Participant: 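Would you mind keeping the following structure in view while I ask a few things?
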Amino acid sequence: MQIAIDGPAGAGKSTIAKKIAEAYGIIYLDTGAMYRCIAHCVLMQGDNFKESEKIIKLAEKAVITFEGDQVFCNGMDVTEAIRTPLVSLHTSDVACIKEVRELLVAQQQKIAFDQSVIMDGRDIGSVVLSQADYKFFLDADVTERALRRKKELDAKGIEKSLESIKQEIEKRDENDRNRAESPLIQVADAIVIDTTGKSIEEVCNVIKNHISGVWV
Ligand code: DC
């Protein structure tokens with residue numbers, strides 16, 4: 001069974017996908033974390049985000065693994081490091097490189113080959129799992145998405161104004177929707193869920209109602 005969850009930043013994709021994975025005992029793959037790992041590698045090397053060739057080489061060598069909620073890149077626990085505003089900002093620079101996407105998509109498809117998965121990202125329903133059994137597109141009002149990010153950052157002690165978070169989200173959305181390679185799109189067979197004003201439980205229930213009957 002394959003479930004694809006796409007949508008813009010802060011729409012609630014990863015929180016919801018994790019819950020659905022737990023509920024049905026299937027693998028959850030956070031594909032955004034993989035792109036974040038590459039951006040983190042570039043920052044660690046002190047490389048420039050305009051040097052695509054160097055970034056592709058880093059992506060070729062990067063070994064990304066997941067253990068529960070932890071993310072490892074080349075043996076290093078990068079769970080927290082890949083969530084900083086700087087990494088968020090630069091991840092769209094690596095995510096627009098065709099070769100980087102091909103490398104990561106191949107790894108994602110390999111994971112989904114022989115086991116049930118739920119993946120979240122931007123190109124899951126359109127590219128990675130284009131034959132997924134269920135495709136969901138989660139969206140939410142940009143102010144609410146910025147508020148959710150602010151809460152996450154506040155909890156980590158990272159201070160940022162709501163307005164600057166909102167501007168960053170809008171910039172990332174624009175990059176993700178307008179890039180040439182696998183832009184964020186709402187595929188025709190995706191079920192659209194507006195998560196604005198909805199609790200995590202409410203969104204999970206909407207999803208479960210769509211897939212119930214298969215996993216009862
Ligand atoms: O979901 P996220 O915020 O962790 O994603 C980080 C960035 O990676 C975001 O700018 C979009 C990009 N991304 C992508 O291009 N394709 C994916 N499948 C997942 C994320």
Side-chain angles (χ1 to χ4, degrees), residues 2-18 21 28-43 49 52 55-56 58-59 62 64 66 69-71 73 78-112 117-130 132 135-140 142 145-146 148-153 156 158 160 165-187 190 195:
Q2 295 181 337
I3 306 174
I5 306 222
D6 289 299
K13 302 182 298 295
S14 58
T15 309
I16 302 296
K18 257 186 232 170
Y28 161 58
L29 187 69
D30 175 356
T31 65
M34 299 174 78
Y35 291 93
R36 285 171 178 273
C37 281
I38 308 303
H40 182 250
C41 286
V42 178
L43 286 168
F49 281 91
S52 303
I55 298 176
I56 295 163
L58 282 177
I64 303 165
F66 294 86
D69 280 344
Q70 284 174 294
V71 188
C73 185
V78 293
T79 315
E80 294 299 324
I82 60 168
R83 302 285 160 196
T84 64
L86 187 65
V87 172
S88 299
L89 181 73
H90 286 296
T91 302
S92 45
D93 294 330
V94 306
C96 65
I97 304 173
K98 182 171 171 269
E99 290 83 351
V100 171
R101 300 202 72 84
E102 284 170 355
L103 280 163
L104 297 186
V105 166
Q107 290 173 30
Q108 293 154 10
Q109 289 176 332
K110 200 170 163 210
I111 291 167
V117 290
I118 179 163
M119 282 190 202
D120 77 319
R122 306 294 188 285
D123 58 343
I124 311 303
S126 57
V127 177
V128 183
L129 303 178
S130 59
K135 298 181 185 179
F136 296 95
F137 189 93
L138 267 49
D139 208 346
V142 69
R145 291 192 280 132
R148 290 175 189 166
R149 273 286 188 262
K150 180 154 175 54
K151 265 193 198 166
E152 282 171 17
L153 292 175
K156 289 179 191 164
I158 302 173
K160 232 170 194 281
I165 296 173
K166 196 171 155 185
Q167 280 170 11
E168 276 174 20
I169 285 184
E170 282 171 335
K171 178 88 193 101
R172 283 176 58 197
D173 283 357
E174 195 190 314
N175 289 346
D176 291 340
R177 288 183 195 272
N178 296 313
R179 67 177 177 228
E181 294 301 323
S182 309
L184 169 64
I185 51 160
Q186 195 178 299
V187 289
T195 69

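In what follows, every heavy atom counts, from backbone to side chain, and hydrogens, waters and symmetry copies are set aside. Counting starts at 1 for both ligands and their atoms, following the listed order. What you see is a predicted model, and the numbers here were worked out from it, not measured in a lab.
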Participant: For E170, run the side chain to side chain contact (heavy atoms under 4.5 Å, CB included) check against V142, I165, N175 and tell me which one passes.
Facilitator: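 When side chain to side chain contact (heavy atoms under 4.5 Å, CB included) is applied between E170 and each of V142, I165, N175, only V142 qualifies.
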Participant: Provide the full list of ring-ring contact (aromatic ring centres under 6.0 Å, His included) pairs with a residue in residues 85-108, sequence neighbours left out, each pair given once.
Facilitator: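 Those involving residues 85-108 are F49-H90.
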Participant: Kindly write out the residues that satisfy side-chain hydrogen bond (donor to acceptor under 3.5 Å, both in side chains) with E99, not counting sequence neighbours, or none if the list is empty.
Facilitator: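 Scan of E99 (side-chain hydrogen bond (donor to acceptor under 3.5 Å, both in side chains), adjacent residues dropped) gives none.
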Participant: Do you know the tightest heavy-atom contact between P85 and E168?
Facilitator: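 That closest heavy-atom pairing would be CB-OE1, 4.5 Å.
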Participant: Quick one: does R145's side chain have a donor or acceptor within less than 3.5 Å of a partner on A9's backbone?
Facilitator: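 Present.
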Participant: With sequence neighbours left out, write down each residue that passes side-chain contact (heavy atoms from CB on, under 4.5 Å) with Q109, or none if nothing qualifies.
Facilitator: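 side-chain contact (heavy atoms from CB on, under 4.5 Å) check on Q109 returns V105, V128.
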Participant: Distances for all N or O pairs of ligand 1 and the protein under 3.5 Å?
Facilitator:
{"unit_1": "ligand 1", "atom_1": "1 (O)", "unit_2": "R122", "atom_2": "NH1", "d": "2.9"}
{"unit_1": "ligand 1", "atom_1": "3 (O)", "unit_2": "R36", "atom_2": "NH2", "d": "3.2"}
{"unit_1": "ligand 1", "atom_1": "3 (O)", "unit_2": "R122", "atom_2": "NH2", "d": "3.3"}
{"unit_1": "ligand 1", "atom_1": "3 (O)", "unit_2": "R172", "atom_2": "NH2", "d": "2.6"}
{"unit_1": "ligand 1", "atom_1": "4 (O)", "unit_2": "R36", "atom_2": "NE", "d": "2.7"}
{"unit_1": "ligand 1", "atom_1": "4 (O)", "unit_2": "R36", "atom_2": "NH2", "d": "3.4"}
{"unit_1": "ligand 1", "atom_1": "10 (O)", "unit_2": "D176", "atom_2": "OD1", "d": "3.3"}
{"unit_1": "ligand 1", "atom_1": "10 (O)", "unit_2": "D176", "atom_2": "OD2", "d": "3.3"}
{"unit_1": "ligand 1", "atom_1": "15 (O)", "unit_2": "R101", "atom_2": "NH1", "d": "2.8"}
{"unit_1": "ligand 1", "atom_1": "15 (O)", "unit_2": "R101", "atom_2": "NH2", "d": "3.4"}
{"unit_1": "ligand 1", "atom_1": "15 (O)", "unit_2": "R179", "atom_2": "NH1", "d": "2.8"}
{"unit_1": "ligand 1", "atom_1": "15 (O)", "unit_2": "R179", "atom_2": "NH2", "d": "2.9"}
{"unit_1": "ligand 1", "atom_1": "16 (N)", "unit_2": "R101", "atom_2": "NH2", "d": "2.9"}
{"unit_1": "ligand 1", "atom_1": "18 (N)", "unit_2": "T31", "atom_2": "OG1", "d": "2.9"}
{"unit_1": "ligand 1", "atom_1": "18 (N)", "unit_2": "R122", "atom_2": "N", "d": "3.3"}
{"unit_1": "ligand 1", "atom_1": "18 (N)", "unit_2": "D123", "atom_2": "OD1", "d": "2.8"}

